[in-house]
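Have a look at the structure below, then the notes.
In this chain, residues are counted from 1 in sequence order. Fair warning: this is a prediction, and the values are worked out from it, not measured in the lab.
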Amino acid sequence: MAAAVLLLLLPILVATTAPAASAASSSGGEKSTHIKLYWHDVLSGPSPTAVPVASAVVTNTSKTGFGAVVVIDDPLTEGPDLKSSKPLGRAQGTYIGAGKDEVSLMMNMNFVFQAGKYNGSTVAIMGRNAVFNAVREMAVVGGTGVFRMARGYAQARTHTLDLKTGDATVEYNLFIRH
């Protein structure tokens, strides 16, 4: 009887204690990709790409923009000059003034690639952006197309910021596993 039970349980025991070779082999085709691009947040002029859509009562008196909600459709380019750099796509999503005591944003956006080898693919980015820190890190939480099942991180560095208009150009370095 014990031998019969052991024979029945043996396939289960082997399956649960065997090394995870199948997991390693299925992830063996995983790639790492680094992409450097520039994000252009334009709040001024006749055709803004970032539009405030909501605010709290305290937002008007806040020194940090706490409570502001902004919808974006920002250009992504190969270089820092919006007019002369090759367009790569759009950053579509929202950012929210989430810091009560310091300027920090909650970023929720998709980088939608519309040119080059990633055309038609997206990368989803989410996280805290403490705007005046030299380097900010946010999570890559997913993607589509070439970046299906993506994970990783994005580093943001301000290239230019116009304090009068709020217009900004930010260098993004994406480190993606997919």
Side-chain angles (χ1 to χ4, degrees), residues 33-56 58-60 62 64-99 102-176 178:
T33 301
H34 170 241
I35 301 171
K36 179 180 175 179
L37 50 74
Y38 291 84
W39 177 90
H40 303 273
D41 198 43
V42 181
L43 287 95
S44 67
S47 186
T49 63
V51 180
V53 294
S55 62
V58 300
T59 304
N60 293 333
S62 170
T64 65
F66 181 65
V69 179
V70 179
V71 174
I72 63 168
D73 187 8
D74 290 343
L76 299 172
T77 62
E78 211 170 67
D81 189 305
L82 178 58
K83 292 183 174 127
S84 65
S85 297
K86 179 182 175 185
L88 297 176
R90 310 293 293 188
Q92 297 175 329
T94 59
Y95 57 80
I96 300 166
E102 70 171 316
V103 179
S104 65
L105 305 172
M106 170 56 196
M107 307 291 290
N108 178 25
M109 59 187 168
N110 288 304
F111 281 12
V112 181
F113 293 96
Q114 299 171 324
K117 64 181 174 179
Y118 306 123
N119 186 24
S121 298
T122 67
V123 173
I125 298 170
M126 180 180 242
R128 181 177 185 265
N129 182 351
V131 175
F132 293 115
N133 288 359
V135 179
R136 290 90 66 196
E137 191 169 291
M138 291 160 268
V140 169
V141 297
T144 64
V146 171
F147 300 114
R148 186 175 296 129
M149 303 292 288
R151 64 192 189 287
Y153 62 99
Q155 288 183 333
R157 291 174 175 83
T158 301
H159 184 268
T160 57
L161 172 62
D162 184 325
L163 291 173
K164 287 184 181 184
T165 64
D167 293 354
T169 299
V170 179
E171 174 189 300
Y172 271 85
N173 279 280
L174 309 179
F175 299 91
I176 307 165
H178 55 99

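For the atom pair OH (Y118) and CG (L174), the distance works out to 9.5 Å, reported to the nearest 0.5 Å. To the nearest 0.5 Å, the span separating CH2 on W39 from OG1 on T158 amounts to 8.5 Å. Distance check, rounded to the nearest 0.5 Å: CG of L105 to CE of M138 gives 9.0 Å. Between the CD atom of E78 and the CG atom of L88 there is a distance of 5.5 Å, given to the nearest 0.5 Å. Distance check, rounded to the nearest 0.5 Å: CG of L76 to CD of Q114 gives 8.5 Å. Taking CG of N108 as the start and CG of N129 as the end, the distance is 12.5 Å to the nearest 0.5 Å.
In terms of heavy-atom proximity, F113 sits nearest to I35 at CZ-CD1, 4.0 Å. Here the closest heavy-atom approach between residue A168 and residue L161 is recorded as CB-CD1, 3.9 Å.
Annotation: salt bridge (charged side-chain N to carboxylate O under 4.0 Å, His left out) contacts of R157 (sequence neighbours excluded): none. The side-chain contact (heavy atoms from CB on, under 4.5 Å) check on N110 picks up V112, A124, with sequence neighbours excluded. With sequence neighbours left out, E102 forms a salt bridge (charged side-chain N to carboxylate O under 4.0 Å, His left out) with R128. Every residue meeting the side-chain contact (heavy atoms from CB on, under 4.5 Å) condition with T160, not counting sequence neighbours, appears here in chain and number order: T169. In this structure, D81 has no salt bridge (charged side-chain N to carboxylate O under 4.0 Å, His left out) partners at least two apart in sequence or on a different chain. Under the rule for a side chain to side chain donor-acceptor pair (under 3.5 Å), the partners of Q92 that lie at least two apart in sequence or sit in another chain are D73. With sequence neighbours excluded, the residues that form a side-chain contact (heavy atoms from CB on, under 4.5 Å) with N133 are A130, R136. T77 is linked by a side-chain contact (heavy atoms from CB on, under 4.5 Å) to Y38, H40, L82, S85, counting only residues two or more places apart in sequence or in another chain.
Y172 has its ring centre less than 6.0 Å from the ring centre of F111.
For residues 65-90, no pair satisfies ring-ring contact (aromatic ring centres under 6.0 Å, His included), with sequence neighbours left out. For residues 42-54, the set of pairs meeting the salt bridge (Lys or Arg N to Asp or Glu O under 4.0 Å) definition, not counting sequence neighbours, is empty.
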Side-chain donor-acceptor pairs under 3.5 Å in residues 41-55, sequence neighbours left out?
{"residue": "D41", "atom": "OD2", "partner": "Y95", "partner atom": "OH", "Å": "2.6"}
{"residue": "S44", "atom": "OG", "partner": "D167", "partner atom": "OD1", "Å": "3.3"}
{"residue": "S44", "atom": "OG", "partner": "D167", "partner atom": "OD2", "Å": "2.5"}
{"residue": "T49", "atom": "OG1", "partner": "V42", "partner atom": "N", "Å": "3.0"}
{"residue": "T49", "atom": "OG1", "partner": "D74", "partner atom": "OD1", "Å": "2.6"}

Output side-chain donor-acceptor pairs under 3.5 Å for residues 141-156, partner residues at least two apart or in another chain, one line each.
{"residue": "T144", "atom": "OG1", "partner": "T122", "partner atom": "N", "Å": "3.2"}
{"residue": "T144", "atom": "OG1", "partner": "T122", "partner atom": "OG1", "Å": "2.6"}
{"residue": "R151", "atom": "NH1", "partner": "E30", "partner atom": "OE2", "Å": "2.7"}
{"residue": "R151", "atom": "NH2", "partner": "E30", "partner atom": "OE1", "Å": "3.2"}
{"residue": "R151", "atom": "NH2", "partner": "E30", "partner atom": "OE2", "Å": "3.1"}

